[in-house]
Amino acid sequence: MAQSARMKKRGQINVVIRSDNKDESEYGYQQMETSPFVQHKEYSDIMKEFDQYVGLDMMKSFVHEMYAWLYLNKIREQRGLKTGKQALHMVFKGNPGTGKTTVARLIAKMLKDMNVLEKGHLLEVDRADLVGEYIGHTAQKTRELVNKAMGGILFVDEAYSLARGGEKDFGKEAIDTLVKIMEDKQHNFVLILAGYPDEMDRFLQLNPGLPSRFPMIVTFPNYSTTELIEMLKSMAAQRDYVIDKDSVSYVNELLVVAKDYEQGRFSNGRFIRNLLEKAVRMQAVRLLHQGDYHKEALTTLVKSDFSKAFKKILLE
């Protein structure tokens, strides 16, 4: 795993996480964890939380970079060196279910532990929360939400939807209000705008003040088929279910087809969660008809459960 970061104009960093293994020892999070002379409790704690999730290993390098930068800034300050404060506002680009909200929540916790944010809470909102019904209402709603997010992170999901209505849409008012607040109170909270990669690229070009205010743009990769299978098993185990071998093979083939069909719109973890929930219901119907309530039957999900579950998804 490696991380590519290109410096752009106005100090913006575009972070793209790749799945190859080159340079991991040089830039990966493992180096700090195994260092014999540095103990970083805040960093260690956040990595332990990351380890509880499937498929987020690629994002650890980004968090490692952020922690190192913030920590070294504190050291520079103690040594009397210049440490110009940089805003931590970010753009998360990725398909649904790639862990954007999860990573945002973990970053909020780390920033609180490092005394960068006072509260470290995450306030997740979307267009409906920000956009009002009449002139002036949107600015009021947006300011109220930012006030609630002070000391933490304001996470705007599907942020590109704010610009869908054109120049006369109230969503533009929300964008303009956010831009102004980001400038006035850029060190009091963190704003994260999230959404599909292509839509977010177009969105950032709509307001000339937006790109320069987001020093970190992070691209979340889709989960691999192996990671999604591991996620499915983990979610099932948390509910006291096991998945038989035929089901694993079937779901693996299903994921290959679904990812190819959906291409850039595949919903990753969301798809897995939806599939599992429906498979559990299909198992319940099957066992009710069979009258089989033994422990093994109650805890085992079979191929037909997933096959019927997928048909349900197709009909939605």
Undergrad: Report whether Tyr53 and Ile192 are members of the same hydrophobic cluster (ILVMFWY, side-chain heavy atoms less than 4.5 Å apart, transitive linking).
TA: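 Yes, one cluster joins them.
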Undergrad: Does Ser249 use its side chain to pair, donor to acceptor, with the backbone of Lys245 at less than 3.5 Å?
TA: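 Yes: the side chain of Ser249 pairs with the backbone of Lys245.
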Undergrad: Using modelled atom types only, decide if a donor and an acceptor are shared between the side chain of Lys259 and the backbone of Asn222 within a distance under 3.5 Å.
TA: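 No; judged by distance alone, with no hydrogens or angles, the pair does not exist.
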Undergrad: Counting neighbours of CD1 on Ile135 that are heavy atoms of other residues, nucleotides or ligands and sit closer than 6.0 Å, is the number greater than 12?
TA: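 Not buried by this count: 12 neighbours or fewer within 6.0 Å.
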Undergrad: Counting only heavy atoms not in Glu144, do more than 12 sit closer than 6.0 Å to its CD atom?
TA: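 Enclosed: over 12 neighbouring heavy atoms sit under 6.0 Å from CD of Glu144.
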Undergrad: Check the orientation of Tyr160 and Tyr196. Use parallel for under 30°, tilted for 30 to 60°, and perpendicular for over 60°.
TA: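 Plane angle between 30° and 60°, so tilted.
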Undergrad: Between Phe214 and His89, what is the ring plane arrangement, given parallel below 30°, perpendicular above 60°, and tilted in between?
TA: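 The arrangement is perpendicular - the two ring planes meet at more than 60°.
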Undergrad: Do Asn115 side-chain atoms and Leu117 backbone N/O form a donor-acceptor pair below 3.5 Å?
TA: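 Side chain of Asn115 to backbone of Leu117, a donor-acceptor pair under 3.5 Å: no, none is there.
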Undergrad: Less than 4.5 Å apart, side chain to side chain, heavy atoms only: is that true for Ile107 and Val190?
TA: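 Of all side-chain heavy-atom pairs linking Val190 with Ile107, none is under 4.5 Å.
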Undergrad: Salt-bridged, Lys180 to Asp184, with N to O below 4.0 Å?
TA: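 A salt bridge links Lys180 with Asp184.
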Undergrad: Is it true that Met282 and Leu232 fall in one hydrophobic cluster, defined by side-chain heavy atoms closer than 4.5 Å?
TA: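 No; Leu232 is not reachable from Met282 via cluster members.
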Undergrad: Examine distances only and state if a side-chain atom of Ser307 and a backbone atom of Lys303 form a donor-acceptor pair shorter than 3.5 Å.
TA: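 Checked: no pair found.
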Undergrad: Parallel under 30°, tilted from 30 to 60°, perpendicular over 60°: which one fits the rings of Tyr67 and Tyr43?
TA: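 Taking Tyr43 first and then Tyr67, their aromatic rings sit tilted (interplane angle of 30° to 60°).
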Undergrad: Looking at Glu158 and Arg127, does any basic side-chain N land under 4.0 Å from a carboxylate oxygen?
TA: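 No salt bridge links Glu158 with Arg127.
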Undergrad: Under 3.5 Å, side chain of Asn268 to main-chain N/O of Tyr223, donor-acceptor pair present?
TA: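 Looks like yes, one N/O pair under 3.5 Å.
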Undergrad: If only atom types and distance count, is the side chain of Lys119 paired as donor or acceptor with the main-chain N or O of Gly152 below 3.5 Å?
TA: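 A pair under 3.5 Å: no.
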Undergrad: According to a 4.5 Å side-chain heavy-atom criterion applied to Ile, Leu, Val, Met, Phe, Trp and Tyr, with indirect links allowed, do Met90 and Trp69 form part of one hydrophobic cluster?
TA: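 Same cluster.
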Undergrad: Taking Asp240 first and then Lys295, would you say they form a salt bridge - that is, a charged N and a carboxylate O separated by under 4.0 Å?
TA: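 Salt bridge between Asp240 and Lys295, a charged N being under 4.0 Å from a carboxylate O: no.
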Undergrad: Are Glu118 and Lys112 close enough for a salt bridge, meaning some N to O gap below 4.0 Å?
TA: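 Looking at Lys112 together with Glu118, the answer is no, because their closest N to O distance does not fall below 4.0 Å.
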Undergrad: State whether a side-chain donor-acceptor pair under 3.5 Å links Ser247 with Asp244.
TA: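 Their side chains do contain a donor-acceptor pair, which is all the 3.5 Å distance test asks for.
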Undergrad: Could you walk me through whether Lys141 and Asp129 pass the salt bridge (charged side-chain N to carboxylate O under 4.0 Å, His left out) check?
TA: CA-CA 7 Å; Lys141 290 182 69 175; Asp129 299 307; over 6 Å; no
Undergrad: Flag yes if more than 12 heavy atoms outside Lys185 fall under 6.0 Å of its NZ atom; otherwise flag no.
TA: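 Not buried by this count: 12 neighbours or fewer within 6.0 Å.
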Undergrad: Would the distance check show the side chain of Thr300 and the main-chain N or O of Ala297 forming a donor-acceptor pair, the cut-off being under 3.5 Å?
TA: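 No.
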Undergrad: Between Asp201 and Lys93, does at least one N-O distance fall below 4.0 Å, as a salt bridge requires?
TA: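 Yes.
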Undergrad: Assign the ring pair Phe271 / Phe310 to parallel, tilted or perpendicular, where the plane angle (0 to 90°) is split at 30° and 60°.
TA: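 Rings of Phe271 and Phe310: perpendicular, as their planes differ by over 60°.
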Undergrad: Any donor-acceptor pair under 3.5 Å linking the side chain of His137 with the backbone of Glu133?
TA: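 Side chain of His137 to backbone of Glu133: a pair is present.
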Undergrad: Membership question, hydrophobic clusters at under 4.5 Å side-chain separation (ILVMFWY): are Val285 and Ile243 in the same one?
TA: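 In one cluster with Ile243: Val285, no.
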Undergrad: So, does Asp176 use its side chain to make a donor-acceptor pair with the main chain of Glu173 at under 3.5 Å?
TA: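 No.
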Undergrad: Do Met231 and Ile313 belong to the same hydrophobic cluster, where Ile, Leu, Val, Met, Phe, Trp and Tyr are linked whenever their side-chain heavy atoms lie under 4.5 Å apart, directly or via other members?
TA: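 Met231 clusters together with Ile313.
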Undergrad: Can you check whether Glu227's main-chain N or O pairs, donor with acceptor, with Ser224's side chain at less than 3.5 Å?
TA: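 At least one qualifying donor-acceptor pair exists.
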